[in-house]
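To keep things clear, I will list the structure first and then write my remarks on it.
Residue numbering restarts at 1 for every chain, and letters A, B, ... go by the order of the sequence lines. Remember, it's a predicted structure, so these values are computed and weren't measured experimentally.
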There are 2 protein chains.
Amino acid sequence: MLDDRQTRTEKLAGEIADAILEGTLEPGSRLDEHMLAGRYGTSRTPVREALRQLATTGLIELRPRRGAIVAKVTSEQLEMLFIAMGELEATCARLSAMSMTPIERRRLGAHYDQMGEMVAQDDVPAYTAANTALHAMFYAGAHNPVLSEMTAGLRRRLAPFRRAQFRAPGRLARSHAEHGAVVRAVLAGDAASAHAAMLHHVSLVEDAFEQLAGAPAGTAPEAARMKAG
Amino acid sequence: MLDDRQTRTEKLAGEIADAILEGTLEPGSRLDEHMLAGRYGTSRTPVREALRQLATTGLIELRPRRGAIVAKVTSEQLEMLFIAMGELEATCARLSAMSMTPIERRRLGAHYDQMGEMVAQDDVPAYTAANTALHAMFYAGAHNPVLSEMTAGLRRRLAPFRRAQFRAPGRLARSHAEHGAVVRAVLAGDAASAHAAMLHHVSLVEDAFEQLAGAPAGTAPEAARMKAG
DNA sequence: TTTTGAAAAATTGCATGCAGAATTTACCTC
DNA sequence: GAGGTAAATTCTGCATGCAATTTTTCAAAA
């Protein structure tokens, strides 16, 4: 009845995705259509359409005639996702070095400098937000929507596993230093260096995340959830 | 009533995707739910679910309350897709250079040599199939399912625009020479060279396509023409 | 000829119901 | 108690119908 501009299916897809990404719906749990329909106050039809949509993003697993479950991410798959994201981010950095406009370069430099102040003040929340914005700048700077959407999608998907990344002591300053290498290379138009520096940065992020996890990659999916917390 | 193991929705998604990729359904044409349901002998429900699934792959565009249309690929978007695919292929080649097993390397070398014979005999059909297999080897050699699925997906999506690629005179031999550079770098474990060589190769493929772009199946005709001119 | 407006037709979004498959439960045998 | 089977239940896959929105049609006005 609401004159809502987006359809129930779309809203549902968003809400279910959020519930999964923020952990309300745990990996492996069954996504019963009746239950979801009841919880969100609709019939099963839009639920089914939303599930179909989420399945193609890899967030849930759709087993024919056996219902949907929240995709379980093993630590091995998680590693693959991190590596893939790293490669894509590095590619975006490379392309940014080659094709950012002067205006984009100026904004990138300014944003980087602002982040320096956040580090000095040890403002973790501000830095976290600025970090997302910085990476978004590289996605946009690549001037390739196909690539930047893929990369941003992976980043969103991995967000739950990166929550704690700046909690490790000294991580803020180190992150900023790594960013510095990437930013300088991009501003200098040095594609190869930008690629290498970003690759280095994201692999260190992954390391930081593994340290927090306590357990090295290679065990149960429970490890993944520990990493998130 | 067929006891088919896959659901109607899945089969529909596949058939509609095929119809789009081989040009039966032209870009921009409306995908009327009744019409599709009639054509494939089902009700609208599975059609709607299939459309939702295809929409997330970018093959069709779903406009709320206004129906679905086959995604129009402008020449600019096409260029972005080619660039993104090139970057991903290059990344796969880079990772292959770093992490292919000895067995994979041996098979790669052998396959490459076989392709040389096809060039000598000017066997275009065989070479085309072998070319797909060669690229698949790089996807697999990256040892990262996330990345290889993304790359393979892009390649499938661009397939209609590459049909004519080996028709240009001399293209077969040139392609083989370019492959040679990539294969040698990968076998030598030279990641940077593998990346560069693959990037070079795919950009040349794009050029070849641009020269030929008369009217490949599935093209938005105006896009192809603009590219040609 | 083009523009405008309202009625008619077509089309999407979604609820509901039912058949069949999958899962659970109950019961029996060993 | 373990294991196996049949009945009962639950759940998915899909068809159908209706309300709301969008598109089309068509006639009158500019």
Side-chain angles (χ1 to χ4, degrees), chain A residues 1-20 24-72 221, chain B residues 1-20 24-72 220:
Chain A
M1 315 301 154
L2 286 166
D3 240 285
D4 220 332
R5 220 56 291 201
Q6 69 180 344
T7 64
R8 261 166 253 252
T9 296
E10 288 171 60
K11 208 160 55 173
L12 268 176
E15 291 184 39
I16 296 173
D18 287 346
I20 294 173
T24 310
L25 291 169
E26 289 182 25
S29 63
R30 300 199 68 246
L31 293 164
D32 183 85
E33 296 176 2
H34 277 112
M35 180 261 254
L36 289 172
R39 180 185 299 193
Y40 294 105
T42 72
S43 76
R44 280 174 52 223
T45 308
V47 170
R48 284 177 60 81
E49 292 180 7
L51 291 181
R52 238 332 111 192
Q53 184 172 331
L54 293 175
T56 59
T57 73
L59 211 58
I60 72 174
E61 200 183 319
L62 218 52
R63 305 161 306 169
R65 266 172 268 272
R66 312 198 41 239
I69 57 172
V70 179
K72 265 193 232 163
Chain B
M1 296 309 143
L2 285 166
D3 240 288
D4 222 330
R5 217 56 291 199
Q6 70 179 343
T7 64
R8 260 164 252 250
T9 297
E10 288 170 58
K11 207 160 59 173
L12 267 176
E15 291 184 39
I16 296 173
D18 287 346
I20 293 172
T24 311
L25 291 169
E26 286 183 28
S29 63
R30 299 198 66 245
L31 293 164
D32 182 86
E33 296 175 2
H34 277 113
M35 180 260 254
L36 289 172
R39 179 185 298 193
Y40 294 105
T42 73
S43 77
R44 281 173 52 224
T45 308
V47 170
R48 285 178 59 79
E49 292 181 6
L51 290 181
R52 201 138 285 274
Q53 183 173 332
L54 293 175
T56 61
T57 72
L59 211 58
I60 72 173
E61 200 181 321
L62 217 52
R63 306 160 306 170
R65 266 171 269 273
R66 311 195 45 238
I69 57 172
V70 179
K72 266 192 227 161

side-chain contact (heavy atoms from CB on, under 4.5 Å) with Asp32(A): which residues, sequence neighbours excluded? His34(A), Met35(A)

I'd like a table of donor-acceptor pairs (distance under 3.5 Å, sequence neighbours excluded) in which one partner is a side-chain atom from residues 40-47 of chain B, with atom names and distances.
residue	atom	partner	partner atom	Å
Ser43(B)	OG	Thr45(B)	N	3.3
Arg44(B)	NE	Glu33(B)	OE1	3.0
Arg44(B)	NH2	Glu33(B)	OE1	3.0

Using a cut-off of strictly less than 4.0 Å, decide whether Arg8(B) has a side-chain nitrogen or oxygen near OP1 or OP2 of dC14(D). yes

In whole Å, I'd like the distance from the CZ atom of Arg65(B) to the C1' atom of dA19(D). 12 Å

What pair of heavy atoms forms the shortest contact from Arg39(A) to Leu25(A), and how long is it? NH1-CD2, 3.9 Å

What residues form a side-chain contact (heavy atoms from CB on, under 4.5 Å) with Ala17(B), not counting sequence neighbours? Leu54(B), Leu59(B)

Would you tell me if any nitrogen or oxygen in the side chain of Arg66(B) comes within less than 4.0 Å of OP1 or OP2 on dT23(D)? yes

For Ile69(A), which residues count as a side-chain contact (heavy atoms from CB on, under 4.5 Å) partner, sequence neighbours excluded? Arg30(A), Glu61(A), Arg63(A)

Specify the separation, in whole Å, of atom CG of Leu36(A) and atom C1' of dC11(D). 13 Å

Looking only at heavy atoms, what is the nearest atom pair of Arg52(B) and Thr7(A), with distance? NH2-OG1, 4.3 Å

Please report the shortest heavy-atom distance between Ala68(A) and Leu62(A), naming the atom on each side. CB-CD1, 3.3 Å

Please report, rounded to the nearest Å, how far the C1' atom of dT23(D) is from the NE2 atom of His34(B). 15 Å

Report the distance from atom NZ of Lys11(B) to atom C1' of dG13(D), rounded to the nearest whole Å. 13 Å

In whole angstrom, give the distance that lies between atom CZ of Arg30(A) and atom P of dA22(C). 13 Å

For Leu36(A) versus Leu51(A), what's the shortest heavy-atom pair and its separation? CD1-CD2, 4.2 Å

What are the two closest non-hydrogen atoms of Gly58(A) and Ala71(A), and how far apart are they? O-CB, 3.5 Å

Given atom CD of Glu33(B) and atom C1' of dC14(D), what is their separation to the nearest angstrom? 14 Å

Check each residue of residues 39-63 of chain A for a non-hydrogen atom within less than 4.0 Å of any atom in DNA chain D, then write out the ones that pass by number, or none. Arg44(A), Arg48(A)

Axis-to-axis angle between the two ends of the helix from dT1(C)-dA30(D) to dC30(C)-dG1(D) (five base pairs per end, rounded to 10 degrees): 20°

Report the distance from atom CG of Asp32(B) to atom C1' of dT12(C), rounded to the nearest whole Å. 10 Å

Relative to the 5' end of DNA chain C, which residue comes earlier, Thr9(A) or Pro64(A), by the nucleotide with the nearest heavy atom? Thr9(A)

